[in-house]
Amino acid sequence: MTGTTPLEDLLKRTFVDFYQMADFARDPLIFSRAEGLYVWDIHGKRYWDAIGGIFVAVLGHRHPRVMEAMHRQLDRMTFAPPLHGTTDVTLEFIEKLGQVTPGALRYIKPFSGGSEAVEASLKFVRQYWRQSGHPGKYKVVSRYHGYHGATFGAMSASGTGPRKTKFEPQMGGFLKVLPPTAYRDRFSNWDDCNRFAARAVEDVIVHEDPETVAAVILEPISNTGGIITPTEEYFQILREICDRHHVLLIFDEVITGFGRTGSMWAAQTFGVTPDLICAGKGVSSGAVPLAAMIAREDLGEAFLGRAEDAVQFMHGHTYAGNPLACAAGIAVIDEIVEKRLWEKARRLGDFIRARLEGLKRHGVVSEVRGRGVLLGVEFSVPDLGVALKRTALQNGVILRVDPNWFAVSPPLIAEESDLDEMCALIEKSLLQAIDESAP
Ligand SMILES: Cc1ncc(COP(=O)(O)O)c(C=O)c1O
């Protein structure tokens with residue numbers, strides 16, 4: 001690296017997400033190159049990126065088709081005046097995305113990140129009800145353990161305590177329920193547990209008065225809660241409850257979208273169509289920031305009218321839907337659709353799951369869960385993940401590690417031989433973590 005500031009000083013002036021920078025600066029991980037399944041640090045050490053950045057690089061890093069599309073767009077236009085119009089490439093992206101969404105979810109506003117997409121969906125549902133004869137519907141029900149983003153609305157919808165408490169008070173009008181995992185010990189089977197957790201959502205809506213509740217938002221598979229994977233029936237019950245009480249159902253598919261659960265969307269994997277989808281991460285495979293809020297056709301139509309009606313969506317961001325990002329998004333969607341990569345996600349998912357199940361022989365794994373290549377492993381011993389995070393990096397594999405579980409979601413360009421290497425690195429790291437954690 002070049003520059004005149006000592007590296008440790010420079011790092012202390014940098015806010016890496018959620019890190020204590022005094023610690024980080026002593027032993028920093030600084031990346032400088034990425035290609036396909038791998039990232040390299042500034043010392044040239046290679047890491048198998050088993051979570052594609054952070055559930056982003058669904059086609060791996062720097063996919064040639066995406067790079068080419070961006071190079072072409074770089075030569076034409078990278079920004080257009082957002083208060084005056086849109087661009088041809090933004091419209092092409094909206095058309096492509098609308099072709100792969102479930103049901104009639106075709107009204108689309110592109111953004112630059114998942115938090116923006118979630119934030120927009122929260123504002124959208126409030127404005128929708130206000131101009132559709134139900135101005136009192138503003139509350140949003142979401143789940144503890146969920147994560148929807150870092151901005152105030154998205155954070156208020158999130159249910160991860162440590163990421164929120166420093167910023168209290170949260171926004172008003174956000175109500176919480178527990179995900180099915182919270183009741184696991186109280187039921188003899190997972191199906192009953194899911195039924196109970198889904199019906200708890202109706203209890204909240206009814207007790208709050210449905211005329212005050214605008215939406216339910218949840219991740220179909222929740223990462224921060226430990227790859228919480230409800231039953232299909234859970235989503236069917238939620239759908240029925242939302243319909244019964246005229247409450248909109250928002251799926252936050254920022255992680256689960258774009259093929260990784262075995263369908264283009266987790267909505268299809270679980271067989272339930274929401275009213276809105278928030279998409280992000282995989283939509284540009286990490287090439288450039290891109291996300292989208294996607295709404296059901298008739299909801300979108302409520303925003304069409306005469307200028308004097310002032311029903312247009314009162315929302316925007318400077319970089320939202322910029323042409324460079326949209327060019328990347330088009331290439332990602334084309335690649336996923338042409339290669340039917342969601343089908344490959346099922347095949348690869350079966351391969352990885354079998355290997356992760358095999359880790360149970362070491363006596364520290366209680367459950368493997370998830371769908372497609374989005375898989376989580378829960379430990380039966382507390383805090384093993386603390387050591388695993390260290391040993392995984394030593395061995396050159398990047399995982400999403402929590403004290404009590406870890407997750408993988410490798411890019412869909414991987415083949416079984418690549419995954420063989422990834423799983424071997426994970427097993428080696430786990431065995432070392434067990435050794436290091438031994439009393
Ligand atoms: C499910 C979910 N929703 C929203 C977000 C926020 O996305 P971003 O970090 O791009 O703002 C995240 C980020 O991890 C997420 O996992």
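Both counts, for ligands and for their atoms, begin at 1 and track the order of listing. Numbers here simply count residues along the sequence, with the first being 1.
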Asker: Going by the order shown, which atoms of ligand 1 are within less than 4.0 Å of some heavy atom of Gly113?
Answerer: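 That gives atoms 10 (O) of ligand 1.
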Asker: Show which atoms of ligand 1 fall inside a sub-4.0 Å distance from at least one heavy-atom site of Val254.
Answerer: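 Near Val254, the atoms of ligand 1 are 2 (C), 3 (N), 4 (C), 5 (C), 12 (C), 15 (C).
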Asker: Tell me: protein heavy atom nearest atom 11 (O) of ligand 1, and distance?
Answerer: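 I find the closest protein heavy atom is Ser115 OG, 2.5 Å.
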Asker: Counting N and O atoms only, with roles assigned by atom type, does the side chain of Gln127 sit under 3.5 Å from a partner on the main chain of Gln312, one being a donor and the other an acceptor?
Answerer: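 Yes; at least one donor-acceptor contact below 3.5 Å.
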Asker: Who gets closest to atom 4 (C) of ligand 1 by heavy atom: Glu119, His148, Arg400?
Answerer: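 Looking at heavy atoms only, the winner is His148.
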Asker: Could you see which bit of Tyr147 sits under 4.0 Å from ligand 1, with heavy atoms only: side chain, backbone, both or neither?
Answerer: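 Contact part for Tyr147 vs ligand 1: both backbone and side chain.
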Asker: Between Arg186 and Phe196, is NZ or CZ placed under 6.0 angstrom from the six-membered ring centre and within 45° of the ring axis?
Answerer: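 No, Arg186 and Phe196 do not form such a contact.
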Asker: Run the numbers for me: atoms of ligand 1, each under 4.0 Å from some heavy atom of Lys281, listed by number.
Answerer: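 Within the 4.0 Å cut-off of Lys281, ligand 1 contributes 12 (C), 13 (C), 14 (O), 16 (O).
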Asker: For the pair Phe124 and Tyr128, name the ring-plane relationship: parallel under 30°, tilted 30 to 60°, perpendicular over 60°.
Answerer: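 Rings of Phe124 and Tyr128: parallel, under 30°.
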Asker: Is any side-chain N of the basic residue among Glu378 and Arg184 closer than 4.0 Å to the acidic one's carboxylate O?
Answerer: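 Arg184 and Glu378: salt-bridged.
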Asker: Does a donor on one side chain and an acceptor on the other come within less than 3.5 Å for Glu253 and Thr256?
Answerer: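 Note: Glu253 and Thr256 side chains meet the donor-acceptor criterion.
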Asker: With a cut-off of 4.0 Å, which atoms of ligand 1 are near a heavy atom of Gly114?
Answerer: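 Going through ligand 1 atom by atom, the ones under 4.0 Å from Gly114 are 6 (C), 7 (O), 8 (P), 10 (O), 11 (O).
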Asker: Taking 4.0 angstrom as the limit and counting only heavy atoms of Asp252, give me the atoms of ligand 1 inside it, by number and element.
Answerer: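 Taking each heavy atom of Asp252 in turn, ligand 1 has 1 (C), 2 (C), 3 (N), 4 (C) under 4.0 Å.
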Asker: Should Phe303 and Tyr107 be marked as a ring-ring contact (aromatic ring centres under 6.0 Å, His included) after you check the CA-CA gap, both sets of side-chain angles, and the distance that decides it?
Answerer: CA-CA 10 Å; Phe303 291 76; Tyr107 273 60; 8.7 Å; no
Asker: List every atom of ligand 1 that sits less than 4.0 Å from any heavy atom of Ile255, numbering the atoms from 1 in the order shown and giving each element.
Answerer: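 Listed by number with element: 16 (O).
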Asker: Please verify whether a non-hydrogen atom of Asn223 lies at under 4.0 Å from ligand 1.
Answerer: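 Outside the 4.0 Å threshold, so no.
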Asker: So, 4.0 Å and heavy atoms of Glu253: is ligand 1 close enough to count as a contact?
Answerer: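 So Glu253 does not count as touching ligand 1.
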Asker: Just by distance, no angles: are the side chains of Gln236 and Arg239 close enough, under 3.5 Å, to form a donor-acceptor pair?
Answerer: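 Their side chains do not contain a donor-acceptor pair, so the 3.5 Å distance test is not met.
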Asker: Under 4.0 Å from any heavy atom of Glu219, which atoms of ligand 1 are there?
Answerer: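 With Glu219 as reference, the close atoms of ligand 1 come out as 1 (C).
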Asker: I'd like to know if the side chain of Asn223 pairs up with that of Tyr147 as donor and acceptor (distance under 3.5 Å, no hydrogens or angles considered).
Answerer: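 No pair is found: no donor N or O on one side chain lies under 3.5 Å from an acceptor on the other.
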